[in-house]
Amino acid sequence: MEAIRKVLEKYDNEYVEDYKPTWLKAKFTNPNDLLSIVQDLQAEGIKTCSTVSPTDFIDENKIEVNYFLEDIINKKNVWLKFDIPRELEACKIPSITPLMPSANWHELEAYSTFGVKFEGHPNLRYFLISADYYGKFPFRKDFDWKAHEQNLIQNIDEITSEWLDEYEENEKTLPKDGSKTILHWGPTHPASGPIRLKVGVDGENIQWVDPDIGYVWRALEHLVERKDFIGSIVAVERICFMDNPNPMICYSQAVEEIAGKEITRFAKLMRVVLGEIGRIASHLISMGGFFGNAGLHTFVMWTMDVREYFLDALEEYSGARIATACIEPGGVRYPLRDGWLDIVQKAIEKYESSKDEFFDIFINNPLMKTRAVANAIISKEDVVQNYMAGPIARASGVKVDVRIDEPYAGYDEIEFDYVTCENGDIYDRLHIFFKELDQSMDIIKQAIAKIQEGIASGEMNPQKDHLVRIPKKLPAGEAVTRIEWARGEILMHLVTQEKATNPYRLKIKAPSVNHTMVLDELLRGKTLSDIPLVYGSMHICQGDLDR
Amino acid sequence: MLVDIIKKMIRVSKSMTEDRLATKDASKDFVHKSEIFRGKHEILYDVCTGCDACNKICPVDAIVMKPLPLKRPNKIPEVNLAICIFCGLCEDVCPTKPKALKLSGGTFDMRAGGAHEAQDNFWVRVDVPQDWIEKKKEEERKKAEAAAKKKAEMAAKKKAEAEAKAKAEAEAKAKEEASKEAPTKEDNNG
Ligand code: SF4
Ligand code: SF4
């Protein structure tokens, strides 16, 4: 950490300070230093960009660009800040994509939503929003949503004609003879979900893949700004339906940090239990979905059956199965009712009675193995370079897990270790989920034991301890929190202003962005029949890809 | 190997004779029902105070406040279920006891008068009986009268007090003046 601090202090700065045990936070005065700072940091081992998050301070007429850079091996992270002018012509900063490829799509996103030009980016284009998006740069504070909506209603025909233009263009540019063409995988392909992969093929050999995303872009980061601190949970939880509780944990932690409140130990352990239930529910879909993508739908039915038991537990706790809204700033939303822990126990037993069959028939399936083993390998270097997160990284043998690296909620009390696989091929990316399920069951059991102990000894009151009050108005401040989501790290950057009743800016970094970014690299040279398998093995969810 | 195959065959044939798992029609019956299932709202017009808290917190603006010709509640929530996301925040903030607006424990059957006939089917409307309004109005009038009376009484009392005070003050002043005057007279005399 000291070496990194020295590097940062070399450049003109307003401050360099410690932030949490694993972070250094620094604000610099000259945006043109960015590239040399990043180069120096790379020499110190910080090789990965988690995300880029601009904040529009319209009153001060500036945009503050935040970079979150990580050394995922040695767990040393830095948070860099630069001020740049707000006017569109002057709103630019050097692109770090040539140095850190993991920043690629994050810079595109920042450009499309805030209009920050990243100079030197290999292909700066509109992303998430379409090229004819009316009014441009929707996350700027002065963006006129009403006018945008008006325009959308009036010109809907012209807007949709962009598709036809693209087809015409292809007609012209593709050679008439030969077998080269462009195929669209999705957005209505049974396995794709709302994403379109433009696949350039020669016969059935893939030459390039260009993912077209944004089909389910709901501008969640902006929606949050319109709600109060409690109401925001319903926007945050809608990142993805598969693992519902965890994003709310991340958001709530950020609010608690700014409010300066500590939650009770009971609430922390409840967050562990609920978070792991979410992870299990998500993993079960992911595993089933993998086979679903490959065309075998039996396994989805089997995993969904087990998943229902965990959803029962969520429903018993919160009253809803999918969008539970069960965690809010200050703790967990509902008291613990008698018998709930037994329902969780029952769900775990259900899984444990089925898991041998899961393994025998599906995970160990010889036909699947022939297609998956040693196919589309992600090496450790790729993980660091493109920031593959969570299970995808662990499948390649990289030890990352925010629950251990930067313990939050009650995870510091729980004993567990990184689960990893060796090879990083498609098979491992499926197998890792199976392994992690076991780990999650174990974590839940430990947490439940601690809760029961605490209740028996009178330390915890399950009826009262679930929430501490968070004031309606928060002071000015900002916080960065991370959690280990079912499919990797979620990082949230929350900014509030003095006497705020709603968030000023919330940046949500979700893992599927990077996992989609590498599809091109993974699929080049493969055949069409590999697409569903590779795509399924990245466990991409469009919900958190677009947000 | 052979044992394995036989085992598997037995397992498959067994499962063929098992009961089907799906024995319930989920469109009519709950397969699993939690006591606090967040379903259709129930609104108690005689408990609600019209405080507007539920309307303010609703993250998707599903609540519309219907005005009532009363002082309290002067408006009462109605919920558009086509917009509502069943987050339950409105129930959380409702300050009354019992909750004037409740959705936990509510039903999942939200069709009113046939499916999809009109958007209007998806509203939780509150029928406030006219005679209840009249009764409440009457009560309010009486209350207002009583309050007015009390106010008038208070005012009269205050006035009387003030008058008494003024009188007392005037008297005191007169006395003072009298006593002031007296020495001057004496001085003059002296
Ligand atoms: S449940 Fe949520 S969305 Fe529905 S009316 Fe209440 S606050 Fe609004
Ligand atoms: S239902 Fe409850 S929160 Fe809503 S106006 Fe009535 S008393 Fe207030």
Side-chain angles (χ1 to χ4, degrees), chain A residues 218 220 223-238 241 244 248 298 301-302 304-306 308-328 330 333-340 343 346-347 350 356-357 360-361 466-467 472 501-502, chain B residues 1 3-5 7-12 14-15 18-24 26 30-42 52-63 79 81 83-95 99 101-108 110:
Chain A
R218 295 145 292 168
L220 286 179
L223 283 184
V224 166
E225 292 168 17
R226 297 195 197 176
K227 304 185 194 307
D228 56 23
F229 285 110
I230 304 280
S232 294
I233 57 170
V234 303
V236 169
E237 72 171 339
R238 276 169 175 71
F241 77 97
N244 175 270
M248 286 183 281
T298 319
M301 296 297 141
W302 287 30
M304 287 295 216
D305 177 32
V306 176
E308 290 302 312
Y309 285 77
F310 288 93
L311 296 190
D312 282 353
L314 284 181
E315 188 190 341
E316 274 308 321
Y317 175 69
S318 69
R321 299 175 81 78
I322 305 279
T324 59
C326 63
I327 288 159
E328 66 176 48
R333 193 154 152 221
Y334 297 93
L336 179 61
R337 294 188 304 143
D338 279 347
W340 186 71
I343 295 174
K346 206 175 114 197
K350 170 75 187 172
D356 289 343
E357 270 186 338
D360 272 1
I361 305 177
H466 61 288
L467 263 184
K472 270 224 174 75
T501 52
N502 45 357
Chain B
M1 183 70 183
V3 182
D4 244 25
I5 292 175
K7 257 193 200 162
K8 276 181 187 159
M9 279 171 72
I10 292 176
R11 198 168 67 197
V12 171
K14 244 193 191 162
S15 69
E18 259 176 27
D19 280 346
R20 311 297 330 144
L21 278 174
T23 49
K24 275 186 188 168
F30 278 103
V31 174
H32 173 263
K33 179 158 174 19
S34 153
E35 269 170 51
I36 55 169
F37 175 76
R38 299 203 296 255
K40 187 176 176 178
H41 302 61
E42 257 176 58
D52 208 25
C54 50
N55 183 20
K56 271 193 205 127
I57 196 144
C58 179
V60 291
D61 296 339
I63 294 182
V79 185
L81 294 177
I83 297 178
C84 174
I85 53 174
F86 303 95
C87 62
L89 290 172
C90 48
E91 178 179 337
D92 279 13
V93 292
C94 183
K99 300 259 180 202
L101 184 150
K102 195 163 173 318
L103 60 119
S104 60
T107 168
F108 76 117
M110 290 167 207

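All figures in this text were calculated on a predicted structure; none of them were measured in a lab.
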Heavy-atom pair with the smallest gap, counting every atom of B:Arg38 and A:Ala325: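 It is NH2-CB, 4.0 Å.
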
For the student: nearest non-hydrogen atoms of A:Glu316 and B:Ile36, plus distance: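 Looking at all heavy atoms of both residues, the closest pair is O-CD1, 3.7 Å.
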
Residue, of A:Glu237, A:Glu328, A:Arg238, that accumulates the most heavy atom pairs under 4.5 Å with chain B: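 Option with the greatest count: A:Arg238.
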
Among A:Gly231, A:Ser232, A:Gly319, residue most engaged with chain B (heavy-atom pairs, under 4.5 Å):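 Of the candidates given, the most pairs with chain B belong to A:Gly319.
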
B:Asp4 atom CG, neighbour heavy-atom count above 12 within 6.0 Å: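 Atom CG in B:Asp4 is packed in, count exceeds 12.
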
More than 12 heavy atoms of other groups within 6.0 Å of A:Glu308 CD: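 Check passes, neighbour count above 12.
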
Non-hydrogen atoms of chain B under 4.5 Å away: do they reach the side chain of [X], the backbone, both or neither?
{"X": "A:Ser318", "result": "both"}
{"X": "A:Arg226", "result": "neither"}
{"X": "A:Tyr317", "result": "backbone"}

B:Pro59 and its side-chain contact (heavy atoms from CB on, under 4.5 Å) partner, picked from A:Val234, A:Val224, A:Asp228: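 So the option named by the test is A:Val234.
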
